Amino acid sequence: MIHYKTEEEIELLRENNQLVSKTLAEVGKHIKPGVTTLELDRIAEEFIRDHGAIPGFLGYNGFPNSLCISVNEQVVHGIPSDRQVLQEGDMVSVDCGTVMKGFYGDSAYTFAVGEVAPDVRRLMDITKEALHKGVAQVRVGNRIGDISNAVQEHAEKNGFSVVRELVGHGLGRNMHESPEVPNYGAKGRGPLLKEGLVICIEPMINLGSRYVVFERDGWTVRTRDRKPSAHYEFAVAVTKHGADVLTTFECIENK
Ligand code: MG
Ligand code: MG
């Protein structure tokens, strides 16, 4: 069942997703060679609590931390660790969630650690562009498949591949609501976009093949060929005026 949100509920979702954006910006300031992913997790948890929210991922289905941090070939759901030290040239996807006033925030950003290889930089750029291509399809009367197709087309025409096993989702009083928002699919298919729908669009794009492996830690998803994978995520509301993006990357990119 799809829960459509009132304008007031959308404002609460905006508050959460703006806090997630600010948390990602705060974490981004500390991403450099030598930092451990567990240190980044602690920074995020403190920042979220200092702003009156609770980390949305902590304890979610038993997840042990506040951030999912996925380095290089890790696609998503990486568990922060004091043994994982970031190195110059790494690429790191940071996924963050909050809960405040009964609603969730959920957004992700992929950071470069120092200077990354040109093909990795291009993967990051194309994945972010694919997210924006998806957002551009958000309007009343379009369908989920229009978003999915725009993301897939942009990734594949640039020579990259789309992860199929994990998808975007509705967002609200639950972190994962209907409908699913795949990053692949056919135009004109899937649920209709109606006013009040709030979804997370989150392309996971691989440099090599699309296939992934679920690690035995029960969480981490990595590419089968161990080539890098990038991930960006926005929460977006469907309004009668079009897409209302509840997340912002401005605080990350204009720091
Ligand atoms: Mg997320
Ligand atoms: Mg999500």
Side-chain angles (χ1 to χ4, degrees), residues 2-3 5 13-28 37 40-41 44-45 47-48 53-71 74-80 91-100 103-111 124 127-128 130-132 134-135 138 144 147-148 151 162-184 191 197-205 212 214 219-222 229-238 243 245-249 252:
I2 296 178
H3 298 284
K5 277 79 185 179
L13 284 161
R14 190 190 315 280
E15 258 187 72
N16 272 283
N17 285 287
Q18 293 288 310
L19 176 56
V20 170
S21 302
K22 287 180 194 151
T23 307
L24 289 172
E26 183 62 26
V27 168
T37 54
L40 299 176
D41 183 72
E45 177 168 3
F47 191 86
I48 291 166
I54 292 170
F57 297 172
L58 188 62
Y60 185 87
N61 291 334
F63 190 76
N65 291 88
S66 297
L67 297 177
C68 293
I69 306 183
S70 309
V71 182
Q74 295 174 346
V75 178
V76 286
H77 303 166
I79 302 173
M91 178 188 66
V92 56
S93 148
V94 182
D95 199 344
C96 179
T98 60
V99 202
M100 178 169 52
F103 285 85
Y104 274 90
D106 180 17
S107 310
Y109 194 89
T110 297
F111 297 88
M124 292 169 63
T127 305
K128 196 192 301 172
L131 167 58
H132 288 291
V135 171
V138 174
I144 292 291
I147 300 170
S148 306
V151 170
V162 175
V163 173
R164 313 282 177 108
E165 290 80 356
L166 299 131
V167 297
H169 51 90
L171 183 73
R173 290 187 183 277
N174 303 291
M175 189 153 54
H176 297 114
E177 297 186 355
S178 289
E180 290 194 339
V181 184
N183 296 301
Y184 61 93
L197 179 67
V198 178
I199 51 173
C200 286
I201 305 175
E202 50 178 315
M204 289 151 259
I205 306 298
V212 298
F214 291 77
W219 285 102
T220 311
V221 183
R222 67 158 171 91
S229 180
H231 176 217
Y232 294 84
E233 178 178 19
F234 267 165
V236 185
V238 182
V245 180
L246 307 180
T247 309
T248 179
F249 290 158
I252 300 170

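In listed order, ligands and their atoms are each counted from 1. Keep in mind that what you see is a predicted model, and the values were worked out from it rather than measured.
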Report task. Determine yes or no for a side-chain-to-main-chain donor-acceptor pair under 3.5 angstrom, with Q74 supplying the side chain and V71 the backbone. Result -> yes
Report task. May I ask you to check whether N174 and H3 show a side-chain donor-acceptor distance below 3.5 Å? Result -> no
Query raised in the report: Any donor and acceptor pair, going by atom type alone, linking the side chain of N17 with main-chain N or O of G105 inside 3.5 Å?
Result: no
Requested in this report: Identify which protein N/O/S atoms are less than 2.8 Å from the Mg ion (ligand 1).
Outcome: D95 OD1, D95 OD2, D106 OD1, E233 OE1
Query raised in the report: Is the backbone of F103 close enough, under 3.5 Å, to the side chain of N16 for a donor and an acceptor to pair up by distance?
Result: yes
Requested in this report: Please confirm whether the backbone N or O of T248 pairs with a side-chain atom of S21, one donor and one acceptor, at under 3.5 Å?
Outcome: yes
Query raised in the report: Are the ring centres of Y104 and H176 closer than 6.0 Å?
Result: no
